[in-house]
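Structure first, commentary second.
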Amino acid sequence: MLQSLKNLTSFKLLLIAVVISVLTFFIEKPFPTIFILSRLIVFLMVFYAIIKFLNKKF
C-alpha cells in the first residue's frame with residue numbers, strides 16, 4: 001500500500017485526503033478513536049503531498 005501511495009501525484013494524494021476527511025465526519029460520534037486515527041492519516045497525507053509537490057517544483 002505504501003508503494004502505491006508513493007507513485008501517486010500530489011494532487012491525487014490531496015484529493016484522497018479530502019475524501020477521507022469528509023467521510024470521517026460521519027463516524028465522529030459513534031467511533032471517536034477511528035475518527036482521531038483517520039484525521040491523523042489525513043494530516044500525514046497532506047503533509048506528504050505538500051513535501052512531494054515542493055520537491056518536484058524545486
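Source: prediction; values computed, not measured. Along the sequence shown, residues are numbered consecutively beginning with 1.
Under a hydrophobic clustering in which Ile, Leu, Val, Met, Phe, Trp and Tyr are joined whenever their side-chain heavy atoms come within less than 4.5 Å, directly or via other members, I16 and L37 fall into the same cluster. The hydrophobic cluster containing F26 does not contain V19, counting ILVMFWY residues as joined when their side-chain heavy atoms lie under 4.5 angstrom apart, directly or transitively. Clustering ILVMFWY residues whenever any of their side-chain heavy atoms sit less than 4.5 angstrom apart, transitively, puts F53 in the very cluster that holds F58. Both I50 and I41 belong to a common hydrophobic cluster when Ile, Leu, Val, Met, Phe, Trp and Tyr are linked at side-chain heavy-atom distances under 4.5 angstrom.
Checking side-chain atoms of K52 against main-chain N and O of L8 turns up a donor-acceptor pair under 3.5 Å.
Note: L40 CG to M45 CE = 12.0 Å, rounded to the nearest 0.5 Å. Taking CZ from F35 and CZ from F25, the interatomic distance works out to 6.5 Å, rounded to the nearest 0.5 Å. Atoms OG1 and CD1, on T24 and I36 in that order, are 11.0 Å from each other to the nearest 0.5 Å. Summarising the geometry, atom CZ belonging to F43 is positioned 13.5 Å from atom OG belonging to S21; distances are rounded to the nearest 0.5 Å.
By the 6.0 Å and 45° rule, R39 does not stack over the aromatic ring of F31.
The heavy-atom pair separating A49 from S10 by the smallest distance is O-CB, 3.4 Å. Of all the heavy atoms in Y48 and L13, the pair that sits closest is CD2-CD1, 3.5 Å.
Between I27 and L23, every side-chain heavy-atom pair lies at or beyond the 4.5 Å cut-off.
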